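Quantities reported herein were computed from a predicted structural model and do not represent experimental measurements.
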Amino acid sequence: MPAEFVRGHGRLDGPRRVVVTAKDGSVRTLTARCAVVLATGTGAAVPPIPGLAEASPWTSREVTAARSVPGRLAVLGGGVVACEMAQAMHGLGARETTVLARSGLLGRMEPFAGELVGRVVRRGGHHGAHGRQG
C-alpha cells in the first residue's frame, strides 16, 4: 500500500485511531493496523560537509512539506528519520533512492532492527551505501 500524507490537526481518538481535521474543516478518521506512532521530532542537523549547506539540502521538514517527489534522492544518515523519509519518498514514487549511512541503518538500535530495515529497503528497490549493516 503506498504512503499517503494527511495534513491537518490530529488527535488520538482511541486505540489505533486518529481523527484529523483539515484546514477546510473536513474531518477524517484514520485507523492503524498495528499502532499509532507519535513522532514529534526535533531540529534536523546538517552535517559539516563542504558545500552541503550551500546546496540547500532538504531536512525532514522540507521532505514532509514537498509538493512533488524527486526522481532521484540521496539520503544522508541511517537513523530513524532518514530511513522513514527514504522509505516514504520511494513509496511515493522516487525511482532511485540511495541511503548513505556511515554507521549502518538504525545503528543506535538493536542490530536486528537495522538488518530488518535493510532487507525491506533493498526489496523496495532502494540503493544503499554504508560502512556496516545493523
Side-chain angles (χ1 to χ4, degrees):
M1 175 179 215
E4 176 185 5
F5 285 116
V6 178
R7 296 191 188 280
H9 178 79
R11 67 176 173 80
L12 292 175
D13 190 51
R16 299 176 322 191
R17 199 168 53 237
V18 176
V19 173
V20 179
T21 304
K23 282 185 179 181
D24 66 4
S26 62
V27 177
R28 183 169 172 192
T29 300
L30 306 170
T31 303
R33 283 186 295 234
C34 297
V36 172
V37 176
L38 299 177
T40 58
T42 60
V46 176
I49 297 172
L52 182 60
E54 294 77 22
S56 299
W58 283 3
T59 67
S60 57
R61 295 198 190 280
E62 286 83 15
V63 171
T64 57
R67 299 238 180 247
S68 62
V69 177
R72 294 173 52 192
L73 178 70
V75 178
L76 298 179
V80 173
V81 173
C83 289
E84 180 182 25
M85 294 299 101
Q87 188 71 12
M89 284 289 111
H90 192 75
L92 289 169
R95 292 183 320 276
E96 184 178 321
T97 306
T98 302
V99 176
L100 303 162
R102 177 178 48 205
S103 299
L105 299 178
L106 303 180
R108 293 182 180 171
M109 309 259 176
E110 293 293 328
F112 78 88
E115 293 164 9
L116 178 62
V117 168
R119 284 196 302 273
V120 170
V121 165
R122 281 189 292 281
R123 267 199 314 266
H126 295 62
H127 299 277
H130 48 78
R132 66 175 179 81
Q133 182 62 44

Compare every heavy atom of [Y] with every heavy atom of [X], then report the nearest pair and how far apart it is.
{"X": "V69", "Y": "M89", "result": "CG1-O, 3.7 Å"}
{"X": "V36", "Y": "R17", "result": "CG2-N, 4.0 Å"}
{"X": "M109", "Y": "A113", "result": "CB-CB, 4.1 Å"}
{"X": "G78", "Y": "C83", "result": "O-SG, 3.5 Å"}
{"X": "L105", "Y": "G118", "result": "CD1-CA, 3.5 Å"}
{"X": "G77", "Y": "A101", "result": "C-CB, 3.8 Å"}

ask   = For R11, what residues pass the side-chain hydrogen bond (donor to acceptor under 3.5 Å, both in side chains) criterion, not counting sequence neighbours?
value = D13
ask   = Does S26 have any side-chain hydrogen bond (donor to acceptor under 3.5 Å, both in side chains) partners at least two apart in sequence or in another chain, and if so, which?
value = D24
Are the side chains of [X] and [Y] in touch, meaning some heavy atoms are under 4.5 Å apart?
{"X": "R108", "Y": "V80", "result": "no"}
{"X": "Q87", "Y": "V120", "result": "yes"}
{"X": "V18", "Y": "V6", "result": "no"}

task = Report the distance from atom NE2 of H90 to atom CD of E96, rounding to the nearest 0.5 Å.
result = 10.0 Å
ask   = What's the spacing between R61 CZ and M85 CE if we round to 0.5 Å?
value = 11.5 Å
request  = With side-chain contact (heavy atoms from CB on, under 4.5 Å) as the test, would you mind laying out the steps for L38 and L12 before giving the verdict?
outcome  = CA-CA 10 Å; L38 299 177; L12 292 175; 4.1 Å; yes
inquiry  = Starting from V27 and following side-chain heavy-atom contacts under 4.5 Å between hydrophobic residues (I, L, V, M, F, W, Y), which residues can be reached?
reply    = V19
remark   = P47 meets the side-chain contact (heavy atoms from CB on, under 4.5 Å) criterion, sequence neighbours left out, with I49, L52, L76
inquiry  = Applying a strict under-4.5 Å side-chain criterion to I, L, V, M, F, W and Y, I'd like to know whether V37 and L106 cluster together.
reply    = no
request  = Taking salt bridge (charged side-chain N to carboxylate O under 4.0 Å, His left out) as the test, write out the residues that go with R16, two or more places apart.
outcome  = none
request  = Please collect all side chain to side chain donor-acceptor pair (under 3.5 Å) contacts where either partner lies in residues 62-84, sequence neighbours excluded, each pair once.
outcome  = T59-E62
